[in-house]
Amino acid sequence: ALADYCFVVFWETETEDWLYHQKIQNVSSIKEVGGEHFYSVFSSQEGLPLQEALQRLGWNRQRVWEILRQVCVLLSPVHDRDAFVGYIHPSNLWVQNDGQLIFSTQRHSSLLSDSWEEETRAVIRLLFWLIDPKKGIVWSSIPFKLRKSLQNCWKTPLRAEQLWWAVDHIIRERGWFHRSIDSGKLLLNHHSPNVV
């Protein structure tokens with residue numbers, strides 16, 4: 001049933017590409033990965049690599065936080081099982097035509113994490129890359145009201161879903177400028193339903 005619109009790749013042995021497909025199976029267009037035999041089945045990817053998509057769309061703060069949110073959404077069910085993907089790197093991420101982020105079926109970076117805790121740090125490193133691809137970890141590039149929370153997450157990692165909740169809560173509720181709960185509900189329900 002999948003043969004009409006999928007590709008099948010076979011490997012002779014357990015390669016890093018096969019392991020990569022196994023790790024990203026639930027966060028990509030990969031449909032099946034063989035356990036006994038080394039193969040994977042995946043549909044074609046429409047869209048662009050993350051960096052190219054950002055260059056075409058415009059690299060702005062709103063997109064930075066949306067990408068961070070989508071990465072956390074992708075990783076959330078994985079981290080909930082005390083598992084990890086291990087390949088969080090801009091070159092391994094793909095933006096589909098509908099704007100949703102997934103992992104690319106082609107691996108461009110090696111395994112970078114060996115636990116969900118280390119993967120949380122990789123997500124924070126991705127955030128620094130999104131803010132400025134030319135710099136490394138420069139805490140002063142993070143908005144002041146988020147800095148302490150992200151530094152705490154670096155020292156004591158949170159699972160992806162909790163990381164996003166912490167960031168989202170601070171963005172919405174802390175600092176000199178924030179909106180009240182009532183005005184938030186008004187915006188959400190009357191101005192633009194289901195979209196903030």
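Quick note: residue numbers are just sequence positions, from 1.
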Kindly indicate whether the side chain of [X], heavy atoms from C-beta on, has any atom under 4.5 Å from the side chain of [Y].
X: L127; Y: L150; value: yes
X: L163; Y: V123; value: yes
X: I124; Y: I137; value: no
X: I88; Y: L75; value: yes
X: L126; Y: L68; value: no

Value rounded to 0.5 Å, distance of [atom1] in [X] from [atom2] in [Y]:
X: L146; Y: I170; atom1: CG; atom2: CD1; result: 5.5 Å
X: R61; Y: I131; atom1: CZ; atom2: CD1; result: 5.0 Å
X: S40; Y: K31; atom1: OG; atom2: NZ; result: 12.5 Å
X: T120; Y: Q162; atom1: OG1; atom2: CD; result: 9.0 Å
X: S113; Y: L111; atom1: OG; atom2: CG; result: 7.0 Å
X: Q96; Y: S29; atom1: CD; atom2: OG; result: 7.5 Å

Evaluate the criterion side chain to side chain contact (heavy atoms under 4.5 Å, CB included) for residue pair E119 and V85; output intermediate values, then yes/no.
CA-CA 8 Å; E119 190 156 80; V85 174; 3.5 Å; yes
Determine the minimum heavy-atom distance between [X] and [Y], stating which atoms define it.
X: R69; Y: E66; result: NH2-OE2, 2.7 Å
X: L158; Y: C153; result: CD1-SG, 3.5 Å
X: Q25; Y: S28; result: O-OG, 4.0 Å
X: A160; Y: H79; result: N-ND1, 3.1 Å
X: E118; Y: L112; result: CG-O, 4.3 Å

Of I24, I30, V71, N26, the one forming a side-chain contact (heavy atoms from CB on, under 4.5 Å) with F103 is I24
Query raised in the report: Any chance CH2 of W165 has more than 12 other-residue heavy atoms, nucleotides or ligands included, within less than 6.0 Å?
Result: no
[X]: salt bridge (charged side-chain N to carboxylate O under 4.0 Å, His left out) partners, not counting sequence neighbours:
X: R63; value: none
X: D82; value: R159
X: D80; value: none
X: R107; value: E16, D17

- Quick one: ring-ring contact (aromatic ring centres under 6.0 Å, His included) pairs with a partner in residues 38-62, sequence neighbours left out?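 For residues 38-62: F7-F42, W18-F38, H21-F42, W59-W129.
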Exercise. Does the side chain to side chain contact (heavy atoms under 4.5 Å, CB included) test come out yes or no for V95 and L54, once each step is laid out?
Worked result: CA-CA 9 Å; V95 179; L54 285 170; over 6 Å; no
Residues at least two apart in sequence or cross-chain that pass ring-ring contact (aromatic ring centres under 6.0 Å, His included) with Y87, listed by chain then number, are Y20
Please check if [X] and [Y] belong to a single hydrophobic cluster, counting links between Ile, Leu, Val, Met, Phe, Trp and Tyr side chain heavy atoms closer than 4.5 Å.
X: I142; Y: I171; value: yes
X: V64; Y: W94; value: no
X: L19; Y: I102; value: no

Quick one: side chain to side chain donor-acceptor pair (under 3.5 Å) partners of [X], sequence neighbours excluded?
X: N152; value: none
X: Q151; value: none
X: R147; value: none
X: S141; value: none

Show me the donor-acceptor pairs, under 3.5 Å and distance only, between side chains in residues 43-53 and residues at least two apart or in other chains.
unit_1	atom_1	unit_2	atom_2	d
Q45	OE1	T105	N	2.8
E46	OE1	N97	ND2	3.3
E52	OE2	R56	NH2	3.1

**Asked** Using a side-chain heavy atom cutoff under 4.5 Å and only I, L, V, M, F, W and Y, what cluster partners does F84 have?
**Response**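 Answer for F84: W116.
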